[in-house]
2 protein chains.
Amino acid sequence: MLSTEQILEVMSGQGLRITDQRKTLAKLFGENKGYLSAKDVYEHMGRKYSGLSFDTVYRNLRVMEELGVLEQIVFEDGVKFKGSCNHQDHHHHMICLQCEKTYPINFCPMNLTDTPDQFRVVKHKFEVFGYCKECEENREEELVAAANHKKGV
Amino acid sequence: MLSTEQILEVMSGQGLRITDQRKTLAKLFGENKGYLSAKDVYEHMGRKYSGLSFDTVYRNLRVMEELGVLEQIVFEDGVKFKGSCNHQDHHHHMICLQCEKTYPINFCPMNLTDTPDQFRVVKHKFEVFGYCKECEENREEELVAAANHKKGV
DNA sequence: GTTTCTGCAAATCGTTTGCAAAGCT
DNA sequence: AGCTTTGCAAACGATTTGCAGAAAC
């Protein structure tokens, strides 16, 4: 993962101006492991900048994605962003459906996949979804609480 | 793949009425191996039905997806549909970036993936993108043509 | 001082909805 | 006939744009 400072360095290195909004964005993605939607980002930033507009968020997310400091993924419920893994080695991710944090998978199925010469492979996607330990524990607690409630406890 | 007739059977079996529009939709997905966007579908159908509305297309695509006769995938450039594979065994797809036809991969990387007990896996996605033989040949022809053009041939 | 960035408002895109008329069984 | 489906128009949410003023270099 790129740090807050690294993100800012890349941006200023490309001649982009470092505004307060961009500092906050860099910090947000430098410290957060999970995926955030544009709305999430807007809400996070809205705390610091009362007069913040949605389009500034969108514009900066796009710029940062084009620069490569952010990774963009299309989920079923929309587009989300996270800081780039400064990926020297190719890898995949397990993604928690609850908190949307990601965990690396150091295994690429592509090496093992039979690709007939009738098909020229360009790229591939391997994503595993589920629940991480923390979220799983919270879920269990909730289920127990719900069950107790049902029993009238 | 479900045939045109099978699609219609499922639909009427669920009490849905078989309208001309739906017959055309069933035929389209019964005979087409690739992914189609709502717009693609609208344009295909527009040839037969001059007074066709977009929302009818959307409504029917959703109904058919809920019924399970269509599969829906979110691509980078939007939602697309294709007729369901009715084969019961789990598999993945190679998808041609040009024609968007799909080819089955009879291999699931999930079996080989180390899933630490810290993570409860719910679902996974494995998709391979590239160019199928046909499209690849067309591409080559184009490249050759372009090269010749450049040389002034 | 020049260029880039921001906020506003308005535009656009893809998709969904309410409703009256038309179509299927 | 009775219910479903259609087309229209209008609404909707997410994202993008043009523009004038503000901020960074």
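Here is the naming used below: chain letters follow the sequence lines, and residue numbers restart at 1 for every chain. What you see is a predicted model; the values in this text were computed from it and never measured.
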For Lys125(B), does the NZ atom have more than 12 heavy-atom neighbours from other residues, nucleotides or ligands under 6.0 Å away?
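More than 12 heavy atoms, drawn from other residues, nucleotides or ligands, come within 6.0 Å of this atom.
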OP1 or OP2 of [N] under 4.0 Å from side-chain N/O of [X]:
X	N	result
Gln21(A)	dG7(C)	yes
Thr56(B)	dT5(D)	no
Arg22(B)	dT4(D)	no
Thr19(A)	dT4(C)	no

Please step through side-chain contact (heavy atoms from CB on, under 4.5 Å) for the pair Ile73(A) and Glu127(A), ending with a clear verdict.
CA-CA 11 Å; Ile73(A) 291 206; Glu127(A) 285 155 7; 3.6 Å; yes
For DNA chain C, whose closest nucleotide is more 5', that of Val57(A) or that of Arg17(A)?
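It is Arg17(A) whose nearest nucleotide is closer to the 5' end.
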Rounded to the Å, how far apart are [X] [atom1] and [N] [atom2]?
X	N	atom1	atom2	value
Gln14(B)	dT25(C)	CD	P	15 Å
Glu65(A)	dT16(D)	CD	C1'	16 Å
Leu25(B)	dT5(D)	CG	P	13 Å
Leu52(A)	dA23(D)	CG	P	15 Å
Met11(B)	dT25(C)	CE	P	11 Å
Ile18(B)	dA22(C)	CD1	C1'	17 Å
Glu66(A)	dT15(D)	CD	P	15 Å
Lys23(B)	dT25(C)	NZ	P	8 Å

List, by chain and then residue number, the residues other than Val128(B) in its hydrophobic cluster (Ile/Leu/Val/Met/Phe/Trp/Tyr, side-chain heavy atoms under 4.5 Å); write none if there are no others.
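When side chains under 4.5 Å apart are linked, the cluster holding Val128(B) also contains Met94(A), Tyr103(A), Ile105(A), Phe107(A), Met110(A), Leu112(A), Phe119(A), Val121(A), Phe126(A), Val128(A), Met94(B), Tyr103(B), Ile105(B), Phe107(B), Met110(B), Leu112(B), Phe119(B), Val121(B), Phe126(B).
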Can Glu134(A) and Lys33(A) be counted as an ion pair, charged N to O under 4.0 angstrom?
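Not counted as a salt bridge, because no side-chain N and carboxylate O are separated by less than 4.0 Å.
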Residues which pass salt bridge (charged side-chain N to carboxylate O under 4.0 Å, His left out) with Glu136(B), listed by chain and number, not counting sequence neighbours:
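Salt bridge (charged side-chain N to carboxylate O under 4.0 Å, His left out) check on Glu136(B) returns Arg120(A).
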What pairs with Lys23(A) under salt bridge (charged side-chain N to carboxylate O under 4.0 Å, His left out), at least two apart in sequence or on another chain?
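Listed in chain order: Asp20(A).
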Give the minimum heavy-atom separation between Met1(A) and Gly83(A), together with the two atoms involved.
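Distance-wise, the nearest heavy atoms are SD-O, 3.9 Å.
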So if you build clusters from Ile, Leu, Val, Met, Phe, Trp, Tyr with side-chain heavy-atom gaps below 4.5 Å, do Leu28(B) and Tyr42(B) land together?
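In one cluster with Leu28(B): Tyr42(B), yes.
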Counting primed atoms plus P, OP1 and OP2 as sugar-phosphate and everything else as base, spell out the protein contacts along nucleotides 14-20 of chain C at 4.0 Å heavy-atom distance: B, S or - for each nucleotide, 5' to 3'.
SBBBB--
Who passes side-chain contact (heavy atoms from CB on, under 4.5 Å) against Gln21(B), sequence neighbours left out?
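With sequence neighbours excluded, Gln21(B) shows a side-chain contact (heavy atoms from CB on, under 4.5 Å) to Thr19(B), Met45(B), Leu52(B), given in chain and number order.
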Rounded (10°) bend between the five-pair end axes of the helix from dG1(C)-dC25(D) to dT25(C)-dA1(D):
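That helix has its two terminal axes inclined by roughly 30°.
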